[in-house]
Colleague: 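Shown below is the structure under consideration.
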Amino acid sequence: MKRKKRQIISLLIIFSLLVGVYLEMTVFSLSRVSLRFETVVSEKIPPSFHNASIGVISDVNGNISNLNKAVDHLKIYQPDIVVFSGNLFDETTTASDEVAIRDLLTSIPDKLGKYAVLGSGDIPSSNDIARQTLQTSGFRILDNSVTPIHNQTNESIQLVGLNTNASITYPTVVDGGFVITVAHNPDVYDSLRDQTMDVMITGKSMNGKIRLPLIGALFPSSKYNEKRKQYDETIMIQSSGVGTSKPEFRLFTNPDVVIIRLQNPQ
């Protein structure tokens, strides 16, 4: 009798754990938008950009509720630069959703500029809508182009935005300058190894969506899916996304807003 009781208790514990994991994967983690901080230290960062910050959001996928939480994070922290690294809508986004997303993006604080690249999920049929929504809300779309950003001085950092939906032509950047490259697809790094990129900001992978301790991503959609890792001379920082691609599940990869803090060691 005692043995049978222990077996029932064990089965109930296992069942409870399985239900908990399932709910975490399909409900709780999908809506838990976290704020993640990364610090980049380099002597190439101009003194006027010491302690400057870059807010990164990616892969909204039409999730208005999570975008609202992400925007709240940005409003509280108020980074100097805001970057969006692709995938604004999904196939279920309605016209009213587009208006809500545009209004949220418009409300993001703008100090030194808001910049964006389009993602693979910004499919051709909605590409113009995504582009128009971003531009109307104050984002400048970088399409295989470089933009110098100044912080009230003649000093600048170079922001490169790549169109990973087409053939990439990497623009010419200032020699010796601090270069931040934004690309939706992290896998394009393989074709850019010869370029000068101090930091590469990407999205798409959602850090693998499901990660296990000591194992990593179980179903990676990209070759590169770490939150932060250095490859050669480039620090790649990936957003885990604001929304979630289908099928919608996550584990140990909460949606996030990334704040990158720049520091000059001198």
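Every value quoted in this text rests on a predicted model; they were computed, and no experiment measured them.
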Colleague: So do Ile237 and Val258 actually touch side chain to side chain, heavy atoms under 4.5 Å?
Modeller: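 In short, these two side chains touch, coming nearer than 4.5 Å.
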
Colleague: Show me the pairs that pass side chain to side chain donor-acceptor pair (under 3.5 Å) and involve residues 215-226, at least two apart or across chains.
Modeller: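 Matches after skipping sequence neighbours: Asp190-Lys223, Asp190-Tyr224, Arg193-Tyr224, Arg211-Asn225, Arg211-Glu226.
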
Colleague: Using a 6.0 Å cut-off, check whether atom NZ of Lys44 has over 12 heavy atoms from anything other than its own residue.
Modeller: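 More than 12 heavy atoms, drawn from other residues, nucleotides or ligands, come within 6.0 Å of this atom.
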
Colleague: With heavy-atom distances below 4.5 Å as the criterion, would you say the side chains of Leu35 and Asp256 are in contact?
Modeller: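 When only atoms from C-beta onward are counted, Asp256 and Leu35 do not touch, as no gap falls below 4.5 Å.
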
Colleague: Under a 3.5 Å threshold, yes or no: a donor from one side chain and an acceptor from the other, between Ser58 and Ser239?
Modeller: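 No, no side-chain donor-acceptor contact under 3.5 Å.
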
Colleague: Looking only at non-hydrogen atoms, find the nearest pair between His50 and Ile45 and report the distance.
Modeller: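 Taking His50 first and Ile45 second, the nearest heavy atoms are N-CG2, 4.5 Å.
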
Colleague: Keeping the roles fixed (side chain from Gln238, backbone from Thr202), state whether a donor-acceptor pair exists under 3.5 Å.
Modeller: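 Not confirmed, Gln238 side chain does not pair with Thr202 backbone.
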
Colleague: Under 3.5 Å, is there a donor-acceptor pair between the side chain of Thr136 and the main chain of Thr133?
Modeller: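 It does not hold such a pair.
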
Colleague: For Ile168 versus Thr164, what's the shortest heavy-atom pair and its separation?
Modeller: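 Residues Ile168 and Thr164, closest heavy atoms: CD1-CG2, 4.0 Å.
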
Colleague: Got a sec: does the CG of Asp194 have more than 12 other heavy atoms crowding it under 6.0 Å?
Modeller: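 Open.
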
Colleague: So, taking the atom named CG in Asn151 and the one named OG1 in Thr153, what distance separates them when rounded to the nearest 0.5 Å?
Modeller: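 If I round to the nearest 0.5 Å, the distance is 6.5 Å.
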
Colleague: Would you compute the distance between atom CZ of Arg140 and atom OG1 of Thr147 and round it to the nearest 0.5 angstrom?
Modeller: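 It comes to 3.5 Å.
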
Colleague: Is there a continuous path of hydrophobic side-chain contacts, each under 4.5 Å between heavy atoms, that joins Val160 to Ile201?
Modeller: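 Different clusters.
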
Colleague: Is there a continuous path of hydrophobic side-chain contacts, each under 4.5 Å between heavy atoms, that joins Val83 to Leu67?
Modeller: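 No, no single cluster joins them.
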
Colleague: Is there a chain of hydrophobic side chains (I, L, V, M, F, W, Y, each step under 4.5 Å between heavy atoms) that links Ile210 to Ile215?
Modeller: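 Yes, Ile210 connects to Ile215 through the hydrophobic network.
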
Colleague: Counting distance only, does the side-chain N/O of Asp80 pair as donor-acceptor with the main-chain N or O of Leu112 below 3.5 Å?
Modeller: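 No; zero donor-acceptor contacts below 3.5 Å.
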
Colleague: Do the two ring centres, one from Tyr231 and one from Tyr189, sit under 6.0 Å apart?
Modeller: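 That pair passes the under 6.0 Å test.
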
Colleague: Any side-chain donor-acceptor pair under 3.5 Å between Thr181 and Tyr170?
Modeller: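 Thr181 vs Tyr170: donor-acceptor pair found between side chains.
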
Colleague: Would you say Gln158 and Ser156 are linked by a side-chain donor-acceptor pair, where the criterion is simply a distance under 3.5 Å?
Modeller: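 Short answer, yes.
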
Colleague: Mind running side-chain contact (heavy atoms from CB on, under 4.5 Å) on Arg36 and Glu38 for me, showing each step along the way?
Modeller: CA-CA 7 Å; Arg36 173 161 63 97; Glu38 300 286 351; 2.8 Å; yes

Colleague: Give a yes or no on whether the backbone of Leu118 and the side-chain of His184 come within a donor-acceptor separation of less than 3.5 Å.
Modeller: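 Not a single qualifying donor-acceptor pair exists.
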
Colleague: Assess the residue pair Val82 and Phe139 against the criterion (side-chain contact (heavy atoms from CB on, under 4.5 Å)); give the C-alpha distance rounded to whole Å, side-chain angles, the decisive distance to 0.1 Å, and a yes or no.
Modeller: CA-CA 9 Å; Val82 176; Phe139 280 80; 4.1 Å; yes

Colleague: Please report the shortest heavy-atom distance between Leu74 and Ile259, naming the atom on each side.
Modeller: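 Closest heavy-atom pair between Leu74 and Ile259: CD2-CD1, 4.4 Å.
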
Colleague: Please answer whether the main-chain N or O of Lys69 pairs with a side-chain N or O of Asp72 as donor and acceptor at a distance below 3.5 Å.
Modeller: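 Here the side-chain-to-backbone pair does not exist.
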
Colleague: Kindly give the heavy-atom pair with the smallest separation between Pro79 and Lys111, and that separation in Å.
Modeller: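 In this case the closest contact between Pro79 and Lys111 is O-CD, 3.8 Å.
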
Colleague: Show your working on side-chain contact (heavy atoms from CB on, under 4.5 Å) between Lys204 and Asn87 and close with a plain yes or no.
Modeller: CA-CA 8 Å; Lys204 184 185 177 182; Asn87 281 13; 5.7 Å; no

Colleague: Please report the closest heavy-atom contact between Leu30 and Asn66, naming both atoms and the distance.
Modeller: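 That closest heavy-atom pairing would be O-ND2, 2.7 Å.
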
Colleague: Are Phe84 and Val56 packed together at the side-chain level, in the sense that at least one heavy-atom pair is separated by less than 4.5 angstrom?
Modeller: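 Of all side-chain heavy-atom pairs linking Val56 with Phe84, none is under 4.5 Å.
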
Colleague: Is there a side-chain contact between Thr39 and Val41 (heavy atoms, below 4.5 Å)?
Modeller: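 Yes. Closest side-chain heavy atoms under 4.5 Å.
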
Colleague: Treating His73 as the side-chain partner and Val33 as the backbone partner, does any N or O pair qualify as donor plus acceptor under 3.5 Å?
Modeller: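 The answer is yes, because a donor-acceptor pair under 3.5 Å joins these two groups.
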
Colleague: One pair to check against side-chain hydrogen bond (donor to acceptor under 3.5 Å, both in side chains): Arg250 and Ser240. What are the steps and the verdict?
Modeller: CA-CA 10 Å; Arg250 287 178 180 264; Ser240 187; 2.8 Å; yes

Colleague: Can you tell me how far the CD atom of Gln135 sits from the CG atom of Asp128, to the nearest 0.5 Å?
Modeller: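 Answer rounded to 0.5 Å: 10.0 Å.
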
Colleague: Side chains of Ile235 and Met200: closer than 4.5 Å at any heavy-atom pair?
Modeller: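 A side-chain contact is absent here, since even the closest heavy-atom pair is not under 4.5 Å.
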
Colleague: Contact between Asp59 and Val242 at the side-chain level, heavy atoms closer than 4.5 Å - yes or no?
Modeller: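 Not in contact.
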
Colleague: Using a 3.5 Å distance criterion without hydrogens, assess whether the side chain of Lys209 forms a donor-acceptor pair with backbone atoms of Ser245.
Modeller: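 Yes; judged by distance alone, with no hydrogens or angles, the pair exists.
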
Colleague: On a heavy-atom basis, which atom in Gly243 and which in Asn61 lie closest, and how many Å separate them?
Modeller: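 Closest approach of Gly243 to Asn61: C-ND2, 4.2 Å.
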
Colleague: Hey, is the main chain of Ser137 close enough, under 3.5 Å, to the side chain of Lys114 for a donor-acceptor pair?
Modeller: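 Here the side-chain-to-backbone pair exists.
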
Colleague: Under 4.5 Å between side-chain heavy atoms, counting indirect links through other Ile/Leu/Val/Met/Phe/Trp/Tyr residues: same cluster for Ile54 and Ile57 or not?
Modeller: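 Different hydrophobic clusters.
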
Colleague: With rounding to the nearest 0.5 angstrom, report the CG to CD distance, Asn264 to Glu155.
Modeller: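 Atom-to-atom, Asn264:CG and Glu155:CD are 9.0 Å apart.
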
Colleague: Could you tell me if the side chain of Asn254 sits less than 4.5 Å from the side chain of Arg32, heavy atoms only?
Modeller: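 Heavy-atom side-chain distance check passes, below 4.5 Å.
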
Colleague: Within a reach of under 6.0 Å around CD of Gln230, are more than 12 heavy atoms found that belong to other residues, nucleotides or ligands?
Modeller: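 Yes, CD of Gln230 has more than 12 neighbouring heavy atoms, counting only those of other groups under 6.0 Å.
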
Colleague: If you draw a 6.0 Å radius around CZ in Arg261, do more than 12 non-hydrogen atoms from other residues or ligands fall strictly inside?
Modeller: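 Atom CZ in Arg261 is crowded, with more than 12 foreign heavy atoms closer than 6.0 Å.
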
Colleague: For the residue pair Asp90 and Thr93, confirm or rule out a side-chain donor-acceptor distance under 3.5 Å.
Modeller: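 Distance-only check passes for Asp90 and Thr93.
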
Colleague: With a 6.0 Å cut-off on ring centres, are Tyr77 and Phe37 close enough?
Modeller: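 So the answer is yes for these two rings.
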
Colleague: Does any donor atom in the side chain of Thr26 or Glu248 lie under 3.5 Å from an acceptor atom in the other side chain?
Modeller: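 There is no such pair between these side chains.
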
Colleague: Distance check, rounded to the nearest 0.5 Å: Phe249 atom CZ versus Thr244 atom OG1?
Modeller: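 Those atoms lie 10.0 Å apart.
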
Colleague: Just by distance, do the side chain of Asp232 and the backbone of Thr234 share a donor-acceptor pair under 3.5 Å?
Modeller: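 Not a single qualifying donor-acceptor pair exists.
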
Colleague: Can you tell me how far OG1 of Thr196 sits from CZ of Phe178, rounded to the nearest 0.5 angstrom?
Modeller: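 Between Phe178 CZ and Thr196 OG1, I get 12.0 Å after rounding to 0.5 Å.
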
Colleague: Got a donor-acceptor contact below 3.5 angstrom from the Ser107 side chain to the Leu104 backbone?
Modeller: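 Looks like yes, one N/O pair under 3.5 Å.
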
Colleague: Show, in sequence, the C-alpha distance, side-chain angles and deciding distance for Ile157 and Val179, and conclude whether the side-chain contact (heavy atoms from CB on, under 4.5 Å) test is met.
Modeller: CA-CA 6 Å; Ile157 58 176; Val179 180; over 6 Å; no

Colleague: Determine the sole option in Ile180, Val182, Leu159 for which the side chain to side chain contact (heavy atoms under 4.5 Å, CB included) test with Tyr115 is passed.
Modeller: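 Output: one option passes, namely Leu159.
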
Colleague: Are the side chains of Gln263 and Asn51 in contact, using a 4.5 Å heavy-atom criterion?
Modeller: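 Yes, at least one pair of side-chain atoms sits under 4.5 Å.
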
Colleague: Hydrophobic cluster membership, with links at side-chain heavy-atom distances under 4.5 Å among I/L/V/M/F/W/Y: are Leu162 and Met197 in one?
Modeller: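 Same hydrophobic cluster.
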
